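Structure, as structure tokens:
Start at 1 and go down the list; that is how both ligands and their atoms are numbered. In this text the structure is predicted, and so the values were computed from the model without any measurement.
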Amino acid sequence: MTASSAAQHRFTLADWDRKASVRSKPDCFELPADLDRQLLTQDWFPPAFLPYLAHPLIQGLGRATQQRLAANHLVYFLDYTTLLEHKIVNRAVETLVHGDLAMAVPRPMRTAALQLYTDEGYHALFSDTLAAQIAHWYGIDNRHRVPQRIRHLLALVQRTAPQQVPLAWFFIGFVSETIIAKELLAITRDSLIPCVYHMLREHLEDEARHSRYFCEVFGYTWEALAAARQPAAADLLLAIIQVFAQIDGQWLHESFASAGIDPATRTQVIEPLLQPQAWAQRARANATTTLATMKKYGFFEPAYNRQLFVDAGLIDG
Ligand SMILES: [Fe+2]
Ligand SMILES: [Fe+2]
């Protein structure tokens, strides 16, 4: 990293003391007393999060079934978030705070990493608080299994060469933080149960700051990485982006079954989502910020990196 390019970055979470949810927002994550009435007109989760709800076979099942599927998915998403924040994102942030990457960490970058770590701890708290209440309301009892994405990310780190492990953690943080901010953008006030909306909205506002920060740190890290390490780093980034586009088919079958959907319908709706082409399309759509940031910092200039991502269907040739 040259002194001049380092100076282009601020490496801060802008106005964190005034704007971070954990510093400035009152806690209001209790389900309302009139939940039954709210559920007549309000949704648990933005339909944009759940494209399978638009399938004609699901549309034909009526509102109560669709709401149960959305509640299942919200609880799964919140449980996933709690694990992601603690075991994945904050693990990635530790590599910056404790200097595990072979590069200098400017003071503002380190301070912002510590602030971000605090934010994620709060996100885990409010995600867990709401998940427990919704799970209780519906009697959702399959929350013990670790979501597939988390299992696959941990397995990916385990099979990474020891000298690459800190970099793998940082890249997982970068991909996760640039993808979650985009996912949360799908939230609109219009149709959501208000306490869910407020929780997702607070998360989104924090994540927009986190995404900008991780993009800057990615640029700094990529420039600092020796050219000889870049091909292996490119392999890692591709594998991580692909994990974040996975659908947990086993869990989805369980969710559909709990809503009383028969096995033939489940297979018809779920199996197309698991096909490689659907997977690549999701990866490309989820990772637009991630891929744009990589492009901005010259990631696709080496022929190896470019071809790798073209072959995977993530960028055009
Ligand atoms: Fe978060
Ligand atoms: Fe975050």
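Among the backbone and side-chain atoms of Glu85, an N/O/S atom is found under 2.8 Å from the Fe ion (ligand 1).
Judged by distance alone, with hydrogens and angles left aside, the side-chain atoms of Ser255 form no donor-acceptor pair with the main-chain N or O of Trp251 at under 3.5 Å. Remark: side-chain polar atoms of Gln133 are paired, donor with acceptor, to backbone N or O of Phe29 under 3.5 angstrom. Not a single donor-acceptor pair under 3.5 Å links the side chain of Ser211 to the backbone N or O of Ala208. Under the 3.5 Å distance criterion, the side-chain polar atoms of Ser127 are matched with a main-chain donor or acceptor of His123.
The N, O or S atom of Glu177 lying closest to the Fe ion (ligand 2) is OE1. Of all the N, O or S atoms in His210, the one closest to the Fe ion (ligand 2) is ND1. Note on His123: its N/O/S atom closest to the Fe ion (ligand 1) is ND1. No other N/O/S atom of Glu120 lies as close to the Fe ion (ligand 2) as OE2 does.
Computed with the Fe ion (ligand 1) at the centre, the Glu207 OE2 to His203 NE2 angle is 90°, stated to 10 degrees.
Within 6.0 Å of atom CD in Gln59, more than 12 heavy atoms from other residues, nucleotides or ligands are found, so the atom counts as buried in its surroundings.
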